[in-house]
Trainee: 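This structure is in structure tokens; I'll ask about it shortly.
A, B, ... follow the sequence lines: proteins, then strands. Residue 1 opens every chain.
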There are 4 protein chains.
Amino acid sequence: MPYRSTDKTRTRKDARRTDMMQAAVRVFAEKGYYAATVRDIVAAANVAVGTFYFYFPDKETLFVHLYEETADFLLQSLQQAVNSRKTLPEQVAAGCQTYVNLATYEPAIVQLLLVGGVGALPELNARRVNFREGLIRLWQRPLEAALEQEQVPLQNTRRTAEGIAGGIDEMILNLLALPNPDLEASAAATEMTAFALRAAGYQPQ
Amino acid sequence: MPYRSTDKTRTRKDARRTDMMQAAVRVFAEKGYYAATVRDIVAAANVAVGTFYFYFPDKETLFVHLYEETADFLLQSLQQAVNSRKTLPEQVAAGCQTYVNLATYEPAIVQLLLVGGVGALPELNARRVNFREGLIRLWQRPLEAALEQEQVPLQNTRRTAEGIAGGIDEMILNLLALPNPDLEASAAATEMTAFALRAAGYQPQ
Amino acid sequence: MPYRSTDKTRTRKDARRTDMMQAAVRVFAEKGYYAATVRDIVAAANVAVGTFYFYFPDKETLFVHLYEETADFLLQSLQQAVNSRKTLPEQVAAGCQTYVNLATYEPAIVQLLLVGGVGALPELNARRVNFREGLIRLWQRPLEAALEQEQVPLQNTRRTAEGIAGGIDEMILNLLALPNPDLEASAAATEMTAFALRAAGYQPQ
Amino acid sequence: MPYRSTDKTRTRKDARRTDMMQAAVRVFAEKGYYAATVRDIVAAANVAVGTFYFYFPDKETLFVHLYEETADFLLQSLQQAVNSRKTLPEQVAAGCQTYVNLATYEPAIVQLLLVGGVGALPELNARRVNFREGLIRLWQRPLEAALEQEQVPLQNTRRTAEGIAGGIDEMILNLLALPNPDLEASAAATEMTAFALRAAGYQPQ
DNA sequence: TATGAATGAGAATTCATTCAT
DNA sequence: TATGAATGAATTCTCATTCAT
């Protein structure tokens, strides 16, 4: 059974890789792309500089990869929450609740996406646009459906969705800026939902 | 005949300083604080490196100064527009219109404030928070007044204001991302206004 | 098989550090603090710029450290030579002999202390004063003892010690300025001793 | 009378030139060659940077010129004092007295020569050597004369002169380091004289 | 003559990346 | 695999010097 040990090795290697990526997310989220040095990251992961380059090709690639991965994770989580509901109020509530939960449990991920990646690399701009588009469409689709059913007034749903997306992000960031976000989390989710529904002009029939 | 310092020289010096600051705003807005090098800025202003340090103490000081100056300018412009109206719809319309105008005529300023300053210097964080607070309070005050007059439903005005501020910023950034923002400017201002009023739950009496 | 840090690597690192410090002493002694650039030092040590900053925090810190270290070394060597003798002539002879030996074998150290550190950094002034004081007291103490035993006439021993210290330094520098100091070293030590004893007004009983 | 004004002009120009040179001596003496900037000098002279280059070709040339000029002045003053006496004790006393007077009235000049020029420019080394030689020969000549008359014991007069020159310089510097050199000046001159005579082994007949 | 705005070569320092062990 | 010593390109900033006014 010559390959048994390789399994263990692979597991260990993956674990370490994951550790380093998590450390990197924290450091990037805290300092931003430029201020975060490779030495900061390896210090946070308790490994040597050389090890970084064993697992990742370079700082930039890792950052872009991390950004994409966390963006996909966030978007899919939200999408799934929204998709599993039928009515606009339920969809909005589920999305806001999920977003608040994620922000509370994984603040570094949210910080990385909303702050750490801004004005970082030119190469990242396309991904940033993708992420913003994803968030906007997340809200635009339910809005279109509601519009068809005349649950919301006639409007430019694209622009409303932009507003809702930006508004929720701002509320999330303000929540995370509190000394103890947990305490406010529940109320925040409720109020975000109310905000988004009002902004859509939703009128229950 | 000795050198006259109070003649055209003075005017020229001021003009040059202004040129350099405008160039710096453009470069900072485009690349962000870290990626923008002093050489980029002087190249954009068509002067030599030394000239930069003749006019400004260092890159960081200039950036912070520029950020503060443009933040004050934007907030005061918006505040003035809002203050000169009485009713909530007029206030919101005036604010949105002014914001769109500024974004259209001085896109670099708006980019600098909304993008270029994010995740830049630790020293800038306090000013960033101040700027966000300024934007939030800009909307919160009219909201409070409307609440007293029962023109909007009971709500957490702070959080609604966060949402409106973030929503409008996102719409502004999406407007600026268009190939020709001018064409959409008017519609955008109208739709931002409608968005903000709906988000506040405003009901005309 | 991971990297062993406690093997030859350690020894090599120490050796390299020592090499670089010796190179730095030579360059500083030859050019003085300001004219000696970091590039000069790394060129003399055959390493890259970055290596300098891997071993030392910055140019200034290294220089001050080097100055202190060599000053301590010189003062202790001289003090020890003087302390291990009983009578004034023996003490002076031992001190001069040791000084001449050091100057002959480690001219860079002596140059650094007597020339390289003059007018260098404001931060160094305190250490320079300490060094001069050390040299002066080195001669003042035996002088006081001899005065008590009436082997030297009544005098301001502080000022005599200043004169002896300055005189010997000047003779050392003139010795080092010769094309081949070794040839003169022995005679120089003898004559320095005679000079210092005469300057003290020493009369054998 | 077309050239009348030129006289005045020339006088003024010379006066300003002298002012600037004196300011330069002070600044160089205080900070040393490298740390003293052209801006420091023109600030001390209350003129503009450009004016500096109207009067002097460049910083280095001015410094070398200043060094030579003050070195000549000091050496000639001392030489004259020594030459105008006949016996060794008188010569030494006159030299020490003059040196102390100069150091008290023109501390900047003495500081410049003894400290400001050390380790400054490679180009200055030759002049520094000349200055030291001048000081050494100042004492060596009377010493030779005294030796011929058997007023001092057989000795290497060159080395004794080095010692006396270095010793006196050290005592001068220590005098100038006092908070109020004036108070000690007289005693210092007396003690320097005694030191030098003892160091020469002088025995009054 | 005198000014001071403008220049740019050169210095110190940082940090992503490589590679022998 | 893992390490950390070594590298050098790139950045910020200084300061002697020039030159139009």
Side-chain angles (χ1 to χ4, degrees), chain A residues 9-10 12-13 16 34-42 46-62, chain B residues 1-10 12-13 16-17 20 34-42 45-60, chain C residues 1-10 12-13 16-17 20 34-42 46-60, chain D residues 9-10 12-13 16 34-42 47-62:
Chain A
T9 310
R10 174 168 302 192
R12 256 194 216 159
K13 185 176 169 182
R16 184 166 275 210
Y34 284 105
T37 68
V38 172
R39 298 195 115 85
D40 288 336
I41 295 168
V42 297
N46 267 313
V47 295
V49 248
T51 308
F52 180 93
Y53 290 90
F54 178 73
Y55 286 100
F56 314 109
D58 55 42
K59 183 186 167 187
E60 181 175 329
T61 306
L62 172 62
Chain B
M1 179 174 33
Y3 183 92
R4 304 275 102 207
S5 81
T6 29
D7 273 27
K8 285 167 293 180
T9 320
R10 186 71 154 239
R12 268 201 200 162
K13 190 178 173 184
R16 176 84 65 130
R17 172 179 232 107
M20 293 184 67
Y34 285 108
T37 70
V38 172
R39 296 197 115 87
D40 288 338
I41 295 170
V42 299
N46 266 313
V47 295
V49 231
T51 307
F52 180 91
Y53 291 93
F54 179 72
Y55 284 99
F56 314 111
D58 55 40
K59 182 185 165 185
E60 178 174 333
Chain C
M1 178 174 33
Y3 183 92
R4 302 276 101 208
S5 82
T6 29
D7 272 28
K8 286 168 291 181
T9 320
R10 185 72 155 239
R12 267 202 201 161
K13 189 177 172 184
R16 176 85 64 133
R17 173 180 233 107
M20 293 184 66
Y34 284 108
T37 71
V38 171
R39 297 197 115 86
D40 288 337
I41 295 170
V42 299
N46 267 312
V47 294
V49 235
T51 308
F52 181 92
Y53 291 92
F54 178 71
Y55 284 99
F56 314 111
D58 55 41
K59 182 184 166 187
E60 178 174 333
Chain D
T9 310
R10 173 168 304 191
R12 256 194 216 159
K13 185 176 169 182
R16 185 167 274 212
Y34 285 105
T37 69
V38 172
R39 299 195 114 86
D40 288 337
I41 294 168
V42 298
V47 295
V49 246
T51 308
F52 180 93
Y53 289 90
F54 178 74
Y55 286 99
F56 313 110
D58 54 43
K59 182 186 168 187
E60 180 175 329
T61 306
L62 172 63

Trainee: Would you kindly give the CZ-to-P distance between D/F52 and F/dA16, to the nearest whole Å?
Mentor: 9 Å
Trainee: F/dG4 P sits how many Å from C/R17 CZ, rounded?
Mentor: 16 Å
Trainee: Quick one: label A/F56 by what it contacts on the DNA or RNA (base, sugar-phosphate, nothing), any heavy atom closer than 4.0 Å.
Mentor: nothing
Trainee: Assuming nearest nucleotide by heavy-atom distance, tell me which of B/R39 and B/R12 is located more 5' along DNA chain E.
Mentor: B/R12
Trainee: Using both distances under 3.5 Å as the test, list the Watson-Crick or G-U wobble partner of F/dA20, or none.
Mentor: E/dT3
Trainee: Could you say whether C/F54 or D/A35 is positioned toward the 5' end of DNA chain F, judged by the nucleotide with the nearest heavy atom to each?
Mentor: C/F54
Trainee: Can you figure out which of E/dA11, F/dG8, F/dT12 approaches the side chain of C/V49 most closely?
Mentor: F/dG8
Trainee: Expressed in angstrom and rounded to an integer, what is the separation of C/R10 atom CZ from F/dT3 atom C1'?
Mentor: 14 Å
Trainee: Is any side-chain heavy atom of C/I41 less than 4.5 Å from a side-chain heavy atom of C/M20?
Mentor: no
Trainee: Just so I know, are the side chains of D/Y53 and D/V38 near enough to count as touching, which here means a heavy-atom distance under 4.5 Å?
Mentor: yes
Trainee: For the side chain of B/T9, counting heavy atoms from C-beta on, which of E/dA5, F/dA2, F/dT7 is nearest?
Mentor: E/dA5
Trainee: Mind checking whether B/F54 and B/K13 have side chains closer than 4.5 Å, heavy atoms only?
Mentor: yes
Trainee: Evaluate side chain to side chain contact (heavy atoms under 4.5 Å, CB included) for C/R39 paired with C/F52, printing each intermediate quantity in order.
Mentor: CA-CA 9 Å; C/R39 297 197 115 86; C/F52 181 92; over 6 Å; no
Trainee: Mind calculating the distance between CG (D/D58) and C1' (F/dA16) to the nearest angstrom?
Mentor: 9 Å
Trainee: Would you indicate, yes or no, if F/dT3 has its OP1 or OP2 atom less than 4.0 angstrom from a side-chain nitrogen or oxygen of A/T51?
Mentor: yes
Trainee: How do C/P57 and D/A48 order along DNA chain E: which one's closest nucleotide is nearer the 5' end?
Mentor: D/A48
Trainee: Pick the nucleotide of DNA chain F nearest each of B/K59 and A/N46; which residue has the one closer to the 5' end?
Mentor: A/N46
Trainee: Report which part of the nucleic acid B/R16 touches: base, sugar-phosphate, or nothing (heavy-atom distance under 4.0 Å, all strands).
Mentor: sugar-phosphate
Trainee: For E/dT13, does OP1 or OP2 lie under 4.0 Å from any side-chain N or O of C/Y53?
Mentor: yes
Trainee: Report which part of the nucleic acid D/Y55 touches: base, sugar-phosphate, or nothing (heavy-atom distance under 4.0 Å, all strands).
Mentor: sugar-phosphate
Trainee: For A/E60 and E/dC15, give me the distance from atom CD to atom C1', rounded to whole Å.
Mentor: 15 Å
Trainee: Can you measure A/Y34 atom OH to E/dA16 atom P for me and round it to whole angstrom units?
Mentor: 11 Å
Trainee: Under a 3.5 Å cut-off for both contacts, is E/dA11 paired Watson-Crick or G-U wobble with anything, and if yes, with which nucleotide?
Mentor: F/dT12
Trainee: Sub-3.5 Å donor-acceptor pair from the side chain of C/K59 to the main-chain atoms of C/A36, do we have one?
Mentor: yes
Trainee: What is the distance, to the nearest angstrom, from the CD1 atom on A/I41 to the P atom on E/dC15?
Mentor: 13 Å
